[in-house]
A.B. asks: 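Take this structure, written in structure tokens, and hold onto it; I'll ask about it next.
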Amino acid sequence: MKRPTVVVLGAGYGGLSVITKLQKLVNADDADIILVNKNDYHYESTWLHEAAAGTMTPDAVRYDIGGVLDKGKVNFVQATVENIDTKAQKVITDRSEISYDYLVVGLGFEGETFGIPGLKEHAFSIANVKAARQIRDHIEYQFATYSLEEVKDPSRLTIIVGGAGFTGIEFLGELADRLPELCEEYDVDPKAVRILCVEAAPMVLPGFDEELVEYAVNYLKSKGIEFSIGTPLTEATPEGVKIKKGEDVFEDIPAKTVVWAAGVRGNSIIEKAGFENMRARIKVDPDLRAPGHNNVFIVGDCALMINAQTERPYPPTAQIAMQQGAHTAHNLVALFKGDELEPFTPDLKGTVCSLGENEAIGEVFGRKITGKKAAMMKKVIDNRALYILGGPGLVFKKGKLNMF
Ligand code: FAD
Ligand code: NAD
């Protein structure tokens, strides 16, 4: 019998977890395994806010995919996926078409703009390494230009962060760390800088523990960050943003830097390929297959799963993406053998939100933590992801080893 071809799309947390687990579970003769990714590197999406603020270099948040592959078992194709033809069982890329028997889609997230005018044109999004590098360079350019110009334009030093979810808050924490360095480097008076976070909901980190949220807000305010809460951003323009402060009350805020961190959706390839979806995410079957597609698994941010206890979707996180990836590798092996597939249940260990290098808040195994302890825990979590995908060698090469 012909050995099956397994194609995995995306080398993010989900896709790379499938691959690194599968290459341990199968022999080279069991299956042809192909990994397709746009770049020849994996980036730590969970560190992108650091690259965007400039507290880490873009290179530090990525590593070569080849370094974690068993090349005797996995064939890596660097290509951009353009579409999926599920009827013909083919993936269409910018380089070639690839046929599959089994497909795993792990193409990750894209920024969600909710149709708000001007955001696509005038705001940045912390979406990938290249986008993060652009944000860092843009902020530095604004500081350099402000320093040089005779008639100072204060909007060059105004940074608006749209959304006080985990991404927005983690980015603000990094900005708070980076600001003193930037001011010194570009001869800018720190008092001239304004960093404002605009949040639509009545609280920062909606739904998270209120005591921890208060800790985070107090800490960020002590670093000079301002918050405008319960005030949705309604438009971005070349000059700045418009925010809604009440019924028919709007305020224009001039700002040369607007970073939109107010939500994510799945990859638009999901919509293009004709899967039934909600914001480019597929409501998967319990074994993570796409409904009606027995040979297509969805992992990571393209998968939508409902938490039966809360009746709300699980949040799209790296934690869940990695668990889904490993689970799918086991289910693929079960399919090869003709065994039953296992349903997936996330094992949620908690959430830690960094507030820069040495501060954080979190709830881990049901316990609240703050400050240095929480910041250390965040680095442990970051290193653990490297360990799972690349072993101790990758932790030594790329890990956050400055724990104390
Ligand atoms: P991704 O990690 O996004 O990977 C998708 C991969 O697919 C990428 O390699 C991409 O290059 C590739 N790709 C995309 N399109 C194509 C294409 N057309 N063709 C070929 N390749 C393509 N979650 C946590 O659990 N903890 C955290 O602390 C945390 N922090 C975060 C901080 C930030 C700033 C952000 C933005 C997110 C954070 N998250 C965190 C969420 C987490 O990053 C995502 O849930 C996770 O990355 C999803 O993994 P994934 O494998 O689905 O996709
Ligand atoms: P999110 O959806 O969690 O938060 C977006 C925020 O933007 C919300 O607070 C929302 O009220 C606000 N918002 C929406 N529309 C707005 C508007 N018009 N104006 C102003 N504010 C508006 O998105 P995220 O923070 O990008 O997180 C995405 C996913 O990644 C989540 O699942 C999150 O848990 C995960 N993540 C986790 C961590 C961590 O664990 N440390 C860090 C970053 C992201």
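Order of appearance sets the numbers: ligands from 1, and atoms from 1 within every ligand.
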A.B. asks: Answer yes or no on whether Lys152 is positioned over the face of Tyr146, meaning its NZ or CZ is under 6.0 Å from the six-membered ring centre and within 45° of the axis.
C.D. replies: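 So Lys152 does make the cation-pi contact.
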A.B. asks: Starting from atom 41 (N) of ligand 2, which protein heavy atom do you reach first, and at what distance in Å?
C.D. replies: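 Scanning the protein heavy atoms, the shortest distance from atom 41 (N) of ligand 2 goes to Val352 O, 2.7 Å.
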A.B. asks: Ignoring hydrogens and angles, state whether a donor on the side chain of Asp347 or Gln323 is under 3.5 Å from an acceptor on the partner side chain.
C.D. replies: no
A.B. asks: Any idea which atoms of ligand 1 are less than 4.0 Å away from a heavy-atom of Asn267?
C.D. replies: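 Those qualifying, in numeric order: 14 (C), 15 (N).
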A.B. asks: Does NZ or CZ of Lys398 come closer than 6.0 Å to the centre of the six-membered ring of Trp47, within 45° of the ring's axis?
C.D. replies: no
A.B. asks: For ligand 2, indicate whether the residue Pro206 contacts it via side chain, backbone, both or neither (heavy-atom separation under 4.0 Å).
C.D. replies: side chain
A.B. asks: If you have a sec, work out which protein heavy atom is nearest atom 17 (C) of ligand 2 and how many Å separate them, to one decimal?
C.D. replies: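 Protein heavy atom at minimum distance: Trp260 CH2, 3.5 Å.
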A.B. asks: Regarding atom 34 (C) of ligand 1: of the candidates Glu50, Glu174, Lys38, His49, which has the closest heavy atom?
C.D. replies: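 Nearest heavy atom to atom 34 (C) of ligand 1 lies in His49.
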A.B. asks: Do Glu170 side-chain atoms and Ser354 backbone N/O form a donor-acceptor pair below 3.5 Å?
C.D. replies: yes
A.B. asks: Give me each pair satisfying salt bridge (charged side-chain N to carboxylate O under 4.0 Å, His left out) with a member in residues 52-65, each pair once, sequence neighbours excluded.
C.D. replies: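 Sorted pair list: Asp59-Arg62.
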A.B. asks: Tell me yes or no: between the side chains of Gln142 and Thr257, is some donor less than 3.5 Å from an acceptor?
C.D. replies: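 No, Thr257 and Gln142 have no side-chain donor paired with an acceptor closer than 3.5 Å.
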A.B. asks: Can you list every salt bridge (charged side-chain N to carboxylate O under 4.0 Å, His left out) pair that touches residues 123-139, not counting sequence neighbours?
C.D. replies: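 Those involving residues 123-139 do not exist here.
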A.B. asks: Counting heavy atoms only, which of Glu112, Glu170, Glu199 is nearest atom 9 (O) of ligand 2?
C.D. replies: Glu199
A.B. asks: Tyr63 and Tyr43: aromatic ring centres closer than 6.0 Å?
C.D. replies: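 Centroid separation for Tyr63 and Tyr43: 6.0 Å or greater.
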A.B. asks: Give a yes/no on ligand 2: does Pro316 have at least one heavy atom closer than 4.0 angstrom to it?
C.D. replies: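 Heavy atoms of Pro316 do come under 4.0 Å of ligand 2.
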A.B. asks: Using heavy-atom distances only, which candidate in Ala262, Ala360, Gly362 approaches atom 14 (C) of ligand 2 most closely?
C.D. replies: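 Selected option, by shortest heavy-atom distance: Ala262.
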A.B. asks: Would Met322 count as a contact residue for ligand 1, given that I'm defining contact as a non-hydrogen atom of the residue lying under 4.0 Å from a ligand atom?
C.D. replies: no
A.B. asks: Does the residue Ala303 have a heavy-atom contact with ligand 1, meaning some pair of atoms that are separated by less than 4.0 Å?
C.D. replies: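 Judged by the 4.0 Å heavy-atom criterion, Ala303 does not count as contacting ligand 1.
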A.B. asks: Counting non-hydrogen protein atoms only, what is the nearest one to atom 18 (N) of ligand 2? Give residue, atom name and distance.
C.D. replies: Leu233 O, 3.1 Å
A.B. asks: What protein heavy atom sits nearest atom 24 (P) of ligand 2, and how far off is it?
C.D. replies: Thr167 OG1, 3.4 Å
A.B. asks: Got a donor-acceptor contact below 3.5 angstrom from the Asn277 side chain to the Phe275 backbone?
C.D. replies: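 Yes, because the side chain of Asn277 sits within donor-acceptor range (under 3.5 Å) of the backbone of Phe275.
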A.B. asks: I'd like to know whether ligand 1 has Asn39 as a neighbour, heavy-atom separation below 4.0 Å.
C.D. replies: yes
A.B. asks: For atom 36 (N) of ligand 2, what is the closest protein heavy atom, and at what distance to 0.1 Å?
C.D. replies: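 Atom 36 (N) of ligand 2 sits closest to the protein heavy atom Phe166 CB, 3.9 Å.
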